[in-house]
Amino acid sequence: MSKITIKEVKTPSDMRKFIRFNYELYKDNRYSVPDLYEDMLKTFSSRNAAMEFCKAVYFLAYKNGKVAGRVAGIINEKANDKWNERAVRFGWIDFIDDTDVSKALIDAVAEWGASQGMSEIHGPLGFTDFDAEGMLVEGFDQLSTMATIYNYPYYPEHMKALGFEKETDWVEFKIKVPESVPERLISMAEFIMQRYGLQIKKYTSSRKLIKDYGKRIFEVLNEAFSPLFGYTPLTDRQIEQYVNMYLPIVDLDLISLITESDGTLIGVGISMPSLSKALQKAKGKLFPMGWFELAKILKFKMRPDILDLMLVGIVPKYQNKGVNSILFYDLLPIFISKGYKYVETNVELETNYKVQQQWIYFEKNQHKRRRCFKKQLED
C-alpha cells in the first residue's frame, strides 16, 4: 500500500521542489505553458506586495518518498472582509492522478484554514485576481496562455470526488482578427467619442506613459473590476509593482487609453503578443536561452500570429455605453497591420455579459472554461 505524507515548505530546497514539480508533471505536455522560475520565487516570497494582507502556507505531498503533488494555502484578509467570508483559498495545486494525493493536499489546506478560523475552502485562486485562477474544465486540447492555468482533465474529477461544488466559472474566447475593421464598429466608436467627448491617447515612450498614467491605469482597473467575484482592489504598493513589471516591456502600439477631454483616463486596453510558445521553449528558465526566446518577441518583434488580450477595463460611469468599441476602433487596425490572426481573451466570468457583449463584432469561439470550486470545512 502506498504511503502519502505531507510536508510544509520551510526551506529554499523545499521551495525549489514546489516550483519545479509543475515543470516535471507537464514536461511532455504540448498545451501547458510553464511560468518562469524567477517569477514564481518572487510571487511566493515576502517581496510580493499581496503579503501585506494575505497569509500563505505551502505544502508538498510525497508518495513512497517521491514528490507527487503541491498546493498553496492562502487567506486573503481583504477579500474576506469585502465579501463577508471566512474562506481559505487553495492555489497552485498540482498532483498525480491519485485521489489519495489530492485529498491529502486539500486536507492540509483545510486543516490550516480551520486553525485560522476559516469555515470554507475554495479555489484554485491566487493571492489576488491578477494571479492565475480557475481550474480548466473545458479546452484541454487548447494551448494555454501566460496568464492562465493548464491542468490535466483528471483534476476536476478529483475535485468532485472530494466533495467540491462549482462556485463560479470563467470562459475564454478565441477571436478571429478580421481583414478590415467592421463598418458598424467604426460608426459606433466615432458616435460614442463625439457624444461623450472622449479621445484616444497613444504613447511612443514607456517612461512618459508611466509618468502620466502608470498608476491611473491600475486605478481604472480597480474601479472596473471591483464588483467582480472575489476581487480586492490593488494597493499602492501592488500598483507600483505591476507598473514597473509590465509597462516597460509592452509594445506601446498595443496599449489603448481612452480619456475625457481634460485628459482624465476612463478606459484602458492592454494586449501582448502571445508568449506561450516562447515560454514553452524556455522551460521555466530565463537563462541561458529563455531570455532570448522572449526577447525575440518583445524586443526584436518576431511576432507570433496570436495576441493575448491581457486587460480591458472601463470605469463604471462609462460601462454599458459602447465605450469598449473605441478600444477596438484603435487597436484593430494595429492588429491587422502587424499581421496578427487571432486574439485570445483573458478569463471572463461567465455572467459578465457586459464584457462578452464587446465580441459581437467578431467571429469568435468560446474554447476554454475554468472553474472555482468550493465546499464547507468540517467542524
Side-chain angles (χ1 to χ4, degrees), residues 1-29 32 34-35 37 40-46 48 51 54-76 86-127 131-133 135-136 149-165 283-284 371-379:
M1 183 177 178
S2 61
K3 181 180 180 181
I4 310 299
T5 57
I6 292 293
K7 179 180 180 181
E8 184 178 345
V9 171
K10 292 286 192 180
T11 67
S13 175
D14 291 338
M15 182 54 72
R16 285 194 294 271
K17 293 175 183 176
F18 185 90
I19 296 172
R20 289 174 177 165
F21 177 72
N22 177 269
Y23 303 157
E24 295 164 4
L25 191 63
Y26 289 93
K27 64 182 177 181
D28 297 321
N29 188 283
S32 177
D35 296 301
Y37 182 84
M40 289 295 94
L41 276 180
K42 292 175 184 176
T43 297
F44 300 135
S45 78
S46 58
N48 186 340
M51 295 303 185
C54 289
K55 300 176 183 177
V57 65
Y58 312 101
F59 297 107
L60 288 166
Y62 288 81
K63 179 178 179 179
N64 297 328
K66 182 180 179 181
V67 178
R70 68 169 190 174
V71 70
I74 299 165
I75 297 174
N76 182 321
R86 289 186 296 139
V88 58
R89 302 176 170 196
F90 66 89
W92 288 279
I93 187 167
D94 286 302
F95 46 83
I96 63 172
D97 192 5
D98 184 328
T99 51
D100 289 338
V101 173
S102 56
K103 182 179 187 303
L105 290 168
I106 290 296
D107 285 350
V109 174
E111 290 170 11
W112 175 73
S115 74
Q116 302 293 313
M118 302 298 104
S119 60
E120 62 180 328
I121 180 171
H122 61 174
L125 294 168
F127 295 102
D131 295 315
E133 56 191 1
M135 184 175 287
L136 196 66
I149 298 167
Y150 183 84
N151 54 262
Y152 289 119
Y154 64 78
Y155 279 41
E157 296 303 318
H158 282 230
M159 293 298 103
K160 293 176 185 177
L162 294 172
F164 282 88
E165 299 177 344
K283 298 180 180 179
R371 181 162 298 163
C372 180
F373 293 91
K374 69 173 181 178
K375 72 173 182 177
Q376 296 297 307
L377 296 181
E378 296 179 6
D379 293 335

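Position 1 is the first residue of the sequence; numbering continues from there.
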Residues that [X] engages under side-chain hydrogen bond (donor to acceptor under 3.5 Å, both in side chains), provided they are two or more places apart:
X    : answer
N22  : D94
K374 : none
D131 : none

Minimum heavy-atom separation for [X] to [Y], with atom names?
X   : Y   : result
F18 : V71 : CE1-O, 3.3 Å
K7  : D14 : NZ-OD1, 3.1 Å
A56 : M51 : CB-CE, 4.3 Å

I would like to know whether L136 and I149 meet side-chain contact (heavy atoms from CB on, under 4.5 Å); could you show each step before the answer?
-> CA-CA 7 Å; L136 196 66; I149 298 167; over 6 Å; no

Among residues at least two apart in sequence or on other chains, which ones pass ring pair (Phe, Tyr, Trp, His ring centres under 6.0 Å) with [X]?
X    : answer
H158 : F95, Y154
F127 : W92
F373 : none

In Å, rounded to the nearest 0.5 Å, how long is the span from [atom1] of [X] to [atom2] of [Y]?
X    : Y    : atom1 : atom2 : value
D100 : K63  : CG    : NZ    : 7.5 Å
F164 : C372 : CZ    : SG    : 9.5 Å
I121 : Q376 : CD1   : CD    : 11.0 Å

Would you list the atom pairs, donor with acceptor, under 3.5 Å between side chains in residues 104-116 and any protein atom, with sequence neighbours excluded?
unit_1	atom_1	unit_2	atom_2	d
D107	OD2	K103	NZ	2.7
S115	OG	W112	O	2.5
Q116	OE1	K55	NZ	3.2

Is any side-chain heavy atom of [X] less than 4.5 Å from a side-chain heavy atom of [Y]?
X    : Y   : value
V67  : R70 : no
Y152 : L25 : yes
Y150 : N29 : yes
L162 : T99 : no

Under the rule for side chain to side chain contact (heavy atoms under 4.5 Å, CB included), what residues qualify as partners of [X], not counting sequence neighbours?
X    : answer
L41  : M15, I19, Y37
E24  : R20, F21
E157 : K160
P34  : Y23, Q280

Can I93 and M135 be said to form a side-chain contact (heavy atoms from CB on, under 4.5 Å), step by step?
-> CA-CA 9 Å; I93 187 167; M135 184 175 287; 4.2 Å; yes

List in chain and number order the residues that pass salt bridge (charged side-chain N to carboxylate O under 4.0 Å, His left out) with K17, two or more places apart in sequence or in another chain; answer none if no residue qualifies.
-> none

Evaluate whether atom CD of E165 has more than 12 neighbouring non-hydrogen atoms of other residues, nucleotides or ligands under 6.0 angstrom away.
->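 Not more than 12 within 6.0 Å, no.
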
Donor-acceptor contact below 3.5 Å, side chain N64 vs main chain K3 =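 Yes, N64 side chain to K3 backbone: donor-acceptor pair under 3.5 Å.
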
Any donor and acceptor pair, going by atom type alone, linking the side chain of R89 with main-chain N or O of N76 inside 3.5 Å?
->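 Pair absent, no side-chain N/O of R89 close to backbone of N76.
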
